[in-house]
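Structure, as structure tokens:
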Amino acid sequence: QLQLVESGGGLVQPGGSLRLSCAASGFTLDSYYIGWFRQAPGLEREGVSCIRGEDGHTYYASSVKAEKGRFTISIDNAKNTVYLQMNSLRPEDTADYYCAAGRRVRGTMGGLPIVEYDSWGQGTQVTVSS
């Protein structure tokens with residue numbers, strides 16, 4: 001059974017950092033695209049970043065890419081885990097963060113591949129507040 005489990009969320013002050021983890025079980029990430037998404041209260045879910053498990057190629061949403069270094073996605077194939085390092089966090093980054101895995105790509109939009117995601121994690125909550 002394919003399963004993704006996110007962790008690492010929490011309460012952080014503005015300007016702080018968090019590293020989110022997305023641990024996979026039941027399959028190996030090296031043949032998947034793994035995306036990070038977030039959904040803030042009252043807003044639609046939005047893609048943040050994606051990584052190609054095969055070679056670690058990274059993608060960032062246009063809005064995220066414009067702020068180089070603030071969000072960084074990475075993969076540890078040995079641990080079958082994808083990370084999202086988030087720096088200089090702002091209150092507007094407050095959201096539930098989800099990871100998802102899929103293998104089929106239908107195109108690109110906004111800097112991210114359009115992936116047919118097969119599996120989703122349960123999410124981890126990030127709150128940025130003083």
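Nothing fancy with the numbering, it's 1 onward along the sequence. Note that the structure is a prediction, hence the values are computed from the model and not measured.
- Taking CD from Q85 and OG from S49, the interatomic distance works out to 12.5 Å, rounded to the nearest 0.5 Å.
- No donor-acceptor distance shorter than 3.5 angstrom exists from the side chain of R106 to the backbone of E116, with no hydrogens or angles considered.
- Taken from OG in S119 to OH in Y32, the straight-line distance is 6.5 Å, to the nearest 0.5 Å.
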### Task
Evaluate side-chain contact (heavy atoms from CB on, under 4.5 Å) for T127 paired with V12, printing each intermediate quantity in order.
CA-CA 6 Å; T127 303; V12 63; over 6 Å; no
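- To the nearest 0.5 angstrom, I73 atom CD1 is 6.5 Å from Y60 atom OH.
- Every residue two or more places apart in sequence or in another chain that forms a side-chain contact (heavy atoms from CB on, under 4.5 Å) with A23 is listed here: T81.
- In plain terms, the two heavy atoms of F37 and G47 that are nearest each other are CD2-CA, 3.5 Å.
- Between P14 and R90 there is no side-chain heavy-atom pair separated by less than 4.5 Å.
- A heavy-atom distance below 4.5 Å is found between the side chains of T28 and N80.
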#### Entry: Step-by-step side-chain contact (heavy atoms from CB on, under 4.5 Å) determination, C50 to Y117
CA-CA 11 Å; C50 180; Y117 288 104; 3.8 Å; yes
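- Taking 4.5 Å as the limit, every side-chain heavy atom of E6 sits out of range of all side-chain heavy atoms of Q125.
- From N77, atom CG reaches atom CD1 of I75 across 4.0 Å, with rounding to the nearest 0.5 Å.
- Residue L18 is grouped with residue I34 when hydrophobic side chains (ILVMFWY) are merged at heavy-atom distances under 4.5 angstrom, including chains of intermediate members.
- Hydrophobic clustering (ILVMFWY, side-chain heavy atoms < 4.5 Å, transitive): L89 and L84 are in one cluster.
- When all heavy atoms of Y59 and P113 are compared, the closest pair comes out as CG-CD, 3.5 Å.
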### Message
Using the rule given for side-chain contact (heavy atoms from CB on, under 4.5 Å), can you reason through Y33 versus V105, listing the C-alpha separation, both sets of side-chain angles and the distance that settles it, and then say yes or no?
### Response
CA-CA 8 Å; Y33 287 77; V105 177; 3.3 Å; yes
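- Contact check for L11 versus S129: side-chain heavy atoms found under the 4.5 Å cut-off.
- For residues 26-39, the salt bridge (charged side-chain N to carboxylate O under 4.0 Å, His left out) pairs, not counting sequence neighbours, are R38-E46, R38-D93.
- Separating the CE atom in M86 from the OG atom in S17 is a distance of 9.0 Å, to the nearest 0.5 Å.
- Judged as a disulfide bond (SG atoms under 2.5 Å apart), not a single pair has a partner in residues 54-85 (not counting sequence neighbours).
- In this structure, OH in Y97 is found 14.0 Å from CZ in R45, a value given to the nearest 0.5 Å.
- Under the 4.5 Å side-chain contact rule for hydrophobic residues, L2 and V5 do not share a cluster.
- In this structure, F27 and L4 have side chains that are in contact, with non-hydrogen atoms separated by less than 4.5 Å.
- Y98 and L29 sit in two unconnected hydrophobic clusters of ILVMFWY residues. Membership requires side-chain heavy atoms under 4.5 Å apart, directly or through other members.
- The cluster map of Ile, Leu, Val, Met, Phe, Trp and Tyr, joined by side-chain heavy atoms under 4.5 Å apart, puts V115 and W120 in the same cluster.
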### Message
Set out, in order, the CA-CA distance, both residues' side-chain angles and the distance that settles side-chain contact (heavy atoms from CB on, under 4.5 Å) for W36 and F71, then state yes or no.
### Response
CA-CA 11 Å; W36 278 103; F71 286 9; over 6 Å; no
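- Looking at every heavy atom in both residues, G9 comes nearest to L20 through N-CD2, 3.6 Å.
- Under a 3.5 Å cut-off, the side chain of T58 and the backbone N or O of I51 do not form any donor-acceptor pair.
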